[in-house]
Amino acid sequence: MEFMNLDQFDLAQSAPDEEPQRQYYYMALARTKVAALAAEVGHTLTAHVTTFGCQMNARDSEKLEGILKLVGYELVEEEEDADFVIYNTCTVRENANNKVYGRLGYLHAIKNKKPHMMIALCGCMMQEPEEIQTLQDSYRFVDLVFGTHNLYKFAELLCTALDSDRMVIDIWKDTDMIVENLPVNRKYPFKSGVNIMFGCNNFCSYCIVPYVRGRERSRKPQEILREIESMVADGVKEVMLLGQNVNSYGKNLDPQVSFAELLSAVDEIEGLERIRFMTSHPKDLSDELIAVMAKSKKICHHMHLPLQCGSDRLLKEMNRHYTKAHYLELVEKLRKAIPDIAITTDIIVGYPGETEEDFLDTMDVVNQVHYDSAFTFIYSKRTGTPAARKEDQVPEEVVKDRFDRLLQVVRKDGQAKAESYTGSVQRILIEQVNEQDASLVTGRMDNNSVVHIPGDASMIGTFVDVKLVTCKGFYYIGERLS
Ligand code: 5AD
Ligand code: SF4
């Protein structure tokens, strides 16, 4: 990527208007402020970004870290050791919000002992006006608050916050902007997330995401390809293409480009070895995409296909635009074209008005598909969504009972699937030295399953062929063949 040299800016001049130049100017300015503060406190300033929620947030955190590093912060592993802590928040379910408030209390205690410490909050939760009000009322020790749409402005906001002794708040309601070529600090040298689109236009009735992430915007294919090519040149072997609904990629581009076309182009990038993507919406999953997956040697044989619910009546209420039959047909097509495909899903239990019959429809799909794994969620009421206005909430004990019944089947299927691979030979990408046992390294199969094999740190980032010797439920112990 073309990152700019910070030394080229004359800070006596005012900031340029165009992006990303403007942000690089502010990075240069922040660098002088951070250096001054470091001199004042007598040591290099440290920073830590804590990510809540999904892979999109994880990628956003890498962008924040990229800027932090460039302006002179040293990134540290532990929040406790940091002079600057950023919480990149999630709000998809209520408990995500509760976690943030719980941990903020703890951070406050640390800040009391370290007055120069700064705390910033960003991400999806900050797009909710009630949360901003709560912060203003009860969490005045927070220094900087920004949202999802202006994350690219972090350097500029940091400059303001460093000069201010009051809480700096900047939240935008929406945006149509995509700012390219900002710095990123990749967590892994050998694999990376790549945003292909932002926002969501689906407005599933229970979901807060379209309100906090804004309207769907796709990055231009040239920008995506250029970013991946430069990642590959820098040692990346696996990419995960990220979007709330990747199957509707490119609909707002001129000329239109389909997700299948984008995938084919990514598939051609030399040196790239593995391609993943998430998340697919069943309503937009095309035959063309299945064909591209079946033909490719790089696209992982894994499809995360959120079901949410198996009842046609509730699917309609949820605004999902597919039926149980259509969903099952997609699964059949996928398995026919790619026999060893791993299929995973998301399911919500206890949507308002869910009857036992509706729930049995969900169980029926689960029993027919036999998912490799499933994320199961108890419905969480999100203020502002259409479902939150519904009055027929399912009693807690009924939800709990259904959730347990679902979990039992999902676990049993997952274990049986995992067991069925025992004895097979798989290619894995080694990701790290095992945290519990340093004589082992841990890698991932094409379907994302974890395998531990004897090895050392020199193997990180390489592919090895392994035989899966023992299945331990959801992971394997393997032996190296190549
Ligand atoms: N309650 C429970 N689960 C939810 N999800 C989204 N909104 C809610 C909600 N209000 C789940 C969906 C989605 C996943 C990311 O989170 O299953 O696919
Ligand atoms: Fe939420 Fe539905 Fe968009 Fe997924 S597709 S982010 S569940 S609104």
Side-chain angles (χ1 to χ4, degrees), residues 51-60 89-99 123-125 127-128 148 174 195-218 240 242-249 251-252 259 277-285 303-311 314-322 327 330 343-354 358-359 362 365-366 369 371 373-390 393-394 396 399-400 402-403 406-407 410:
T51 309
F52 298 84
C54 67
Q55 312 244 15
M56 293 272 195
N57 263 18
R59 183 69 181 151
D60 282 348
T89 65
C90 168
T91 189
V92 74
R93 285 169 293 275
E94 180 71 35
N95 58 1
N97 294 37
N98 296 339
K99 254 192 247 167
C124 295
M125 190 176 151
Q127 293 295 138
E128 294 182 279
T148 55
D174 204 351
N195 296 109
I196 64 165
M197 61 203 296
F198 303 93
C200 180
N201 281 356
N202 291 315
F203 291 96
C204 300
S205 64
Y206 49 82
C207 187
I208 194 84
V209 169
Y211 305 89
V212 297
R213 284 269 175 189
R215 294 296 59 74
E216 201 169 281
R217 309 171 302 284
S218 297
M240 163 81 93
L242 297 170
Q244 301 295 347
N245 175 11
V246 292
N247 295 342
S248 71
Y249 169 80
K251 284 190 179 157
N252 61 350
F259 180 54
F277 55 86
M278 106 173 311
T279 292
S280 284
H281 193 306
K283 81 177 164 68
D284 301 310
L285 178 65
M303 176 68 74
H304 184 66
L305 197 61
L307 167 69
Q308 312 299 7
C309 172
S311 147
L314 284 192
L315 282 170
K316 196 159 189 190
E317 280 205 27
M318 288 177 165
N319 198 27
R320 291 288 291 174
H321 297 282
Y322 55 86
Y327 186 95
L330 285 176
I343 300 183
T344 59
T345 200
D346 294 342
I347 298 172
I348 299 176
V349 177
Y351 182 83
E354 182 189 72
D358 293 323
F359 175 69
T362 302
V365 177
V366 172
V369 174
Y371 290 104
S373 81
F375 296 99
T376 51
F377 304 108
I378 288 181
Y379 168 75
S380 171
K381 183 172 166 179
R382 308 312 290 128
T383 309
T385 62
R389 294 193 286 276
K390 289 176 67 78
Q393 303 285 327
V394 185
E396 208 181 306
V399 178
K400 184 87 188 39
R402 288 179 190 159
F403 187 80
L406 176 65
L407 204 58
V410 159

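Predicted model, so just to flag it, every value in this text is computed and none were measured. Note that ligands are numbered from 1 as they come in the structure, with each ligand's atoms numbered from 1 the same way.
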Sorted by chain and number, sequence neighbours left out, side chain to side chain donor-acceptor pair (under 3.5 Å) with Y351 holds for S205

Residues in side chain to side chain donor-acceptor pair (under 3.5 Å) contact with T51, at least two apart in sequence or another chain: S61

How close do [X] and [Y] get, counting heavy atoms only, and between which atoms?
X    : Y    : value
G243 : M56  : CA-CE, 3.1 Å
P306 : R320 : O-NH2, 3.2 Å
V399 : G350 : CG2-CA, 4.0 Å
N57  : F52  : ND2-O, 2.9 Å

Is it true that the side chains of H304 and D346 contain a donor and an acceptor less than 3.5 Å apart? yes

For residues N202 and K283, is any side-chain donor paired with an opposing acceptor at under 3.5 Å? yes

Just to be sure I read this right, does ligand 2 sit under 4.0 Å from the backbone of R213, its side chain, both, or neither, counting only heavy atoms? neither

Taking only Lys NZ, Arg NE, NH1 and NH2, and the carboxylate oxygens of Asp or Glu, determine whether R213 and D60 approach each other closer than 4.0 Å. yes

Hey, which protein N/O/S atoms does atom 3 (Fe) of ligand 2 have under 2.8 Å? C200 SG

To check your reading of the model: name the closest protein heavy atom to atom 7 (S) of ligand 2, its residue, and the distance in Å. Y206 OH, 3.4 Å

Near ligand 1, at a heavy-atom separation below 4.0 Å: residues by chain and residue number: V92, R93, Y206, Q308, D346, I348, F377, I378, Y379, S380, R382

As a quick check of understanding, evaluate side-chain contact (heavy atoms from CB on, under 4.5 Å) for K99 and C90, giving each step before the final call. CA-CA 10 Å; K99 254 192 247 167; C90 168; over 6 Å; no

